[in-house]
Amino acid sequence: MKHLFMFFALFILVIPSAQATENRMLVTDIHQFINSANSAINNPNLHVGRNFLNRTTANNAVFQNKVSVYHQANPWNRVRYNNPAAYGAYYRYPSNPYYSPTSARSLKKWDHVNLLESKKRMIPGYQAHMEITGTTINPYGQSAVVDLDMKEYSMSYTPYHPSLTQKMMHANSKCKMYLSKQGEDLLMTRMDCNTNTNLPF
């Protein structure tokens with residue numbers, strides 16, 4: 001009787017834990033989600049990327065992006081104190097030619113989708129690649145924070161390459177993507193990025 005009671009107690013403890021882990025988010029699910037996102041975003045058909053983001057992004061999702069823009073300094077935009085030809089480079093106001101404009105923007109779901117479509121229309125051969133650098137899944141397996149390294153490229157002219165073109169990186173972002181499990185699907189609820197770029201948007 002004692003053994004039967006222990007077996008019954010063990011049976012009761014095992015069953016709920018098996019049911020609780022049935023619908024957990026797995027690391028393989030996250031990798032599959034990111035691979036699908038890379039494929040959809042880089043598809044030449046704009047509707048594929050739009051439909052993927054529409055299906056996998058929560059309606060109240062927020063995209064926070066801190067952008068630092070790097071560009072070549074233009075010496076002709078400085079305010080000069082005297083004639084530079086006669087007196088050399090002396091400026092009324094001190095300015096740093098390596099100053100990088102920065103900004104922060106908060107986008108909603110469709111703002112983010114429209115920004116992606118604008119990049120694909122305006123940048124020749126636009127490509128984006130997201131690579132997972134870390135994952136943190138909560139103990140219940142229903143949400144996760146994914147660390148991403150995202151790079152954005154365009155095609156550039158290269159006279160010495162056989163195809164005369166190659167990929168040129170324009171932006172590098174370090175992002176945190178927040179995922180939630182809804183039934184069998186993963187849903188993106190938030191994405192925070194720090195971006196270094198030479199693009200105007």
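When reading the values below, keep in mind they use all heavy atoms of this one structure, side chains included, and skip hydrogens, waters and symmetry mates.
Side-chain atoms of Lys108 and Val113, non-hydrogen and from C-beta on, never get closer than 4.5 Å to each other. For the pair Thr195 and Lys66, the minimum side-chain heavy-atom distance is 4.5 Å or more. Arg190 places a side-chain heavy atom less than 4.5 Å from the side chain of Gln64. At a threshold of 4.5 Å between non-hydrogen side-chain atoms, the residues Met168 and His170 count as touching.
Glu117 contributes no side-chain N or O that, together with a main-chain N or O of Gly49, makes up a donor-acceptor pair within less than 3.5 Å. Between the side chain of Asn138 and the backbone N or O of Gln142, at least one donor-acceptor pair lies under 3.5 Å. A donor-acceptor pair under 3.5 Å is absent between the side-chain atoms of Asn43 and the main chain of Ser39, judged by distance alone. In this structure, Asp192 contributes its side chain and Lys176 its backbone to no donor-acceptor pair below 3.5 Å.
Under the 4.5 Å side-chain heavy-atom criterion for Ile, Leu, Val, Met, Phe, Trp and Tyr, Ile132 and Met25 are members of the same hydrophobic cluster. At a threshold of 4.5 Å between side-chain heavy atoms, the hydrophobic network of Ile, Leu, Val, Met, Phe, Trp and Tyr places Leu187 and Leu116 in two separate groups. In the hydrophobic clustering of ILVMFWY residues, with side-chain heavy atoms under 4.5 Å counting as a link, Ile41 and Leu115 come out together. Criterion: ILVMFWY side-chain heavy atoms under 4.5 Å apart, direct or through other members. Under it, Tyr126 and Leu148 are part of a common hydrophobic cluster.
Ring orientation note: the planes of Phe63 and His112 are close to parallel, at an angle under 30° on the 30°/60° scale.
Side-chain contact annotation: Asn54 with Lys109, donor-acceptor N/O pair under 3.5 Å present. Counting only N and O atoms by type, the side chains of Asp149 and Thr133 include no donor and acceptor under 3.5 Å apart.
Ion pairing between a basic and an acidic side chain is recognised when a charged N comes within 4.0 Å of a carboxylate O; Asp111 and Arg105 show no such pairing.
The distance from atom OG of Ser36 to atom CZ of Arg55, rounded to the nearest 0.5 Å, is 8.0 Å.
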Derivation of the side chain to side chain contact (heavy atoms under 4.5 Å, CB included) call for Phe33 and Met177: CA-CA 11 Å; Phe33 180 86; Met177 178 187 286; 3.8 Å; yes

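Val146 pairs in a side-chain contact (heavy atoms from CB on, under 4.5 Å) with only one of the listed residues (Thr136, Val27, Thr135), which is Thr135.
Residues Ser154 and Ile123 approach most closely at CB-CG2, 3.3 Å, considering heavy atoms.
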